[in-house]
Protein chains: 2
Amino acid sequence: MGRPSIKAERTQEILDAYERCVSRFGVEGSTLEKIAEEAGLRRSSLRHYIGNKDDLLEALVTRFITKSRQSTEELMSCLTAGMDAASLVETLFDESSRDQSLALVAGALIVAGTEYPDVAASLITWIDEFNDGFAKRLRKIWPQCKLRDCQIVATGIIGIYFNVESFSSLGSTEKLNKRSKDAALRLALSLS
Amino acid sequence: MGRPSIKAERTQEILDAYERCVSRFGVEGSTLEKIAEEAGLRRSSLRHYIGNKDDLLEALVTRFITKSRQSTEELMSCLTAGMDAASLVETLFDESSRDQSLALVAGALIVAGTEYPDVAASLITWIDEFNDGFAKRLRKIWPQCKLRDCQIVATGIIGIYFNVESFSSLGSTEKLNKRSKDAALRLALSLS
DNA sequence: TATTTTATTGTCAGTATTGACAATTTAGTG
DNA sequence: CACTAAATTGTCAATACTGACAATAAAATA
């Protein structure tokens, strides 16, 4: 009875808009007005579906980590045993498949972490998870390597990836792109 | 004649405060009020010494890049020919000497770059310069290596460095620190 | 001391932002 | 149609932020 709820969808739409704003203005620069406009809704609706500013941020961080886990899962499943280093790097740095705003949002959240301890804690857990997950996957591809070496290489490649991802949102960064990819490859090759 | 000007000092103080704010709230989140409070001045003084919001940002970016060039210069002079890979990485990742907020400010500026084209352009120039400068220095340490390889390793190490720097501002990240350092070492070793 | 130059503070109007709540509209169900 | 639950819109007061300008105070020199 009553009108059917579209809370789930609207919530996602709002968080999508919030994420776009965060990658443009940062967390503190994303006002409710801007988010509402970006979502094509009234500010009152944001309040109705999620709550105030803090509630929004908490929801965003939670979803960011959840989504990141999923897409990592997907990406990892593309990294098949028996793969060689070159195609691994190629898959990872494939510009068409990557989430353009991942690093930008992560960067903005890191800044926000200095003011919101909960955000900081979530991000630390997240990056550790990310690194460990990727390391395990590398281990499956190169089972003869020590786990420790895989962890080191995983952390290195992810660092390089995040860095180039951040900068490439600024415009043309071919030089940086090419070199980053080659650096990642160099690390990956050190496992085989 | 007339009262002596302290514009130079005040300008630096204001930009210091601005930088601290940016690393906490991001560019869009740093209001003139907050900056003034952080600097221990009235908002009117900011206007007097530098100007409005846009003037402040321009001044900040300019100084950020200038300062970065200087400290890079210093760091580079610590990297002496004949140095081995281990001490190179040790010097670079030395926690006591590094500018805690460099990566955080850089991250915030990158986000701001999506809204301010001039900032974006400056940052791209900056990172390319940074990479090239470091690559040249690596070449001096390992003259037998190809410049191209030095460039790749330089970009890799810098990427890893920025990444861990960003996250370490969030709190305890020993795991990430250790692994990042080892990954950088692995890259450096690949040159010798 | 008078003058000059700069520092420093103050004020004001216009706009933006936020949280809270009220009111209205819409889409299902019995 | 009457009812209900949710969507959607509207309003309001309090506060924050900005740009512009005015006014005062302080430190040097002649």
Contacts table for residues 129-138 of chain B: side-chain donor-acceptor under 3.5 angstrom, sequence neighbours left out:
from: B:Glu129; atom 1: OE1; to: B:Arg69; atom 2: NE; distance (Å): 2.6
from: B:Glu129; atom 1: OE2; to: B:Arg69; atom 2: NE; distance (Å): 3.3
from: B:Glu129; atom 1: OE2; to: B:Arg69; atom 2: NH2; distance (Å): 2.8
from: B:Asn131; atom 1: ND2; to: B:Ile127; atom 2: O; distance (Å): 3.2
from: B:Asp132; atom 1: OD1; to: A:Arg179; atom 2: NH1; distance (Å): 2.9
from: B:Asp132; atom 1: OD1; to: A:Arg179; atom 2: NH2; distance (Å): 3.4
from: B:Asp132; atom 1: OD2; to: A:Lys175; atom 2: NZ; distance (Å): 3.2
from: B:Arg137; atom 1: NE; to: B:Met76; atom 2: O; distance (Å): 3.4
from: B:Arg137; atom 1: NH1; to: B:Met76; atom 2: O; distance (Å): 3.4
from: B:Arg137; atom 1: NH1; to: B:Leu79; atom 2: O; distance (Å): 3.1

**Report entry** Residues in salt bridge (charged side-chain N to carboxylate O under 4.0 Å, His left out) contact with B:Lys53, at least two apart in sequence or another chain
**Finding:** none
Query raised in the report: In terms of side-chain geometry, is the basic nitrogen of B:Arg24 or A:Glu28 positioned less than 4.0 Å from the acidic oxygen of its partner?
Result: no
Requested in this report: Indicate, with a heavy-atom threshold strictly under 4.0 Å, whether B:Leu41 touches base, sugar-phosphate, or nothing.
Outcome: nothing
**Report entry** Charged N-O contact under 4.0 Å between A:Asp55 and A:Arg47
**Finding:** no
Report task. Return the value, rounded to whole Å, for the distance between atom NZ of A:Lys7 and atom P of D:dT8. Result -> 13 Å
Side-chain atoms of residues 31-42 of chain A: list all donor-acceptor pairs with protein atoms under 3.5 Å, sequence neighbours left out, distances to 0.1 Å.
from: A:Thr31; atom 1: OG1; to: A:Lys34; atom 2: N; distance (Å): 3.2
from: A:Lys34; atom 1: NZ; to: A:Gly29; atom 2: O; distance (Å): 3.3
from: A:Glu38; atom 1: OE2; to: A:Arg20; atom 2: NE; distance (Å): 2.6
from: A:Glu38; atom 1: OE2; to: A:Arg20; atom 2: NH2; distance (Å): 3.4

Query raised in the report: Quick one: do B:Glu73 and B:Lys67 make a salt bridge, cutoff under 4.0 Å?
Result: no
Query raised in the report: Which is true for B:Ser45 with a 4.0 Å heavy-atom rule: it touches a base, it touches only sugar-phosphate, or it touches nothing?
Result: base
Query raised in the report: Given D:dT8, is OP1 or OP2 found less than 4.0 Å from the side-chain N or O atoms of A:Tyr49?
Result: yes
Report summary line: Nearest heavy-atom approach of A:Ala85 to A:Trp142 is N-CZ2, 3.7 Å
Enumerate all atom pairs, one protein N or O and one N or O from nucleotides 26-29 of chain D, separated by less than 3.5 Å.
from: D:dA26; atom 1: O4'; to: B:Arg3; atom 2: NH1; distance (Å): 3.3

Query raised in the report: Between A:Arg139 and A:Asp149, is there a side-chain N and carboxylate O pair less than 4.0 Å apart?
Result: no
What N/O pairs connect the protein and nucleotides 18-20 of chain D at under 3.5 Å? Give each pair on its own line.
from: D:dT18; atom 1: OP1; to: B:Lys53; atom 2: NZ; distance (Å): 3.0
from: D:dT18; atom 1: OP2; to: B:Leu32; atom 2: N; distance (Å): 2.7
from: D:dT18; atom 1: O4; to: B:Arg43; atom 2: NH2; distance (Å): 3.4
from: D:dG19; atom 1: N7; to: B:Arg43; atom 2: NH1; distance (Å): 2.9
from: D:dG19; atom 1: O6; to: B:Arg43; atom 2: NH2; distance (Å): 2.6
from: D:dA20; atom 1: OP2; to: B:Arg47; atom 2: NH2; distance (Å): 2.6

Query raised in the report: So does B:Arg148 pair up with A:Asp182, basic N to acidic O under 4.0 Å?
Result: yes
Requested in this report: Take the protein atom CZ of B:Phe25 and the nucleotide atom P of D:dA16, then report the distance between them rounded to whole Å.
Outcome: 14 Å
Report task. Look at the rings of A:Trp126 and A:Phe162 and say which category their plane angle falls in: under 30° parallel, 30 to 60° tilted, over 60° perpendicular. Result -> parallel
Query raised in the report: Taking atom CD of B:Glu13 as the centre, does the number of heavy atoms from other residues, nucleotides or ligands within less than 6.0 Å exceed 12?
Result: yes
Query - Contact interval (first through last nucleotide) of DNA chain C with protein chain B, 4.0 Å heavy-atom - result: C:dT4 to C:dG10
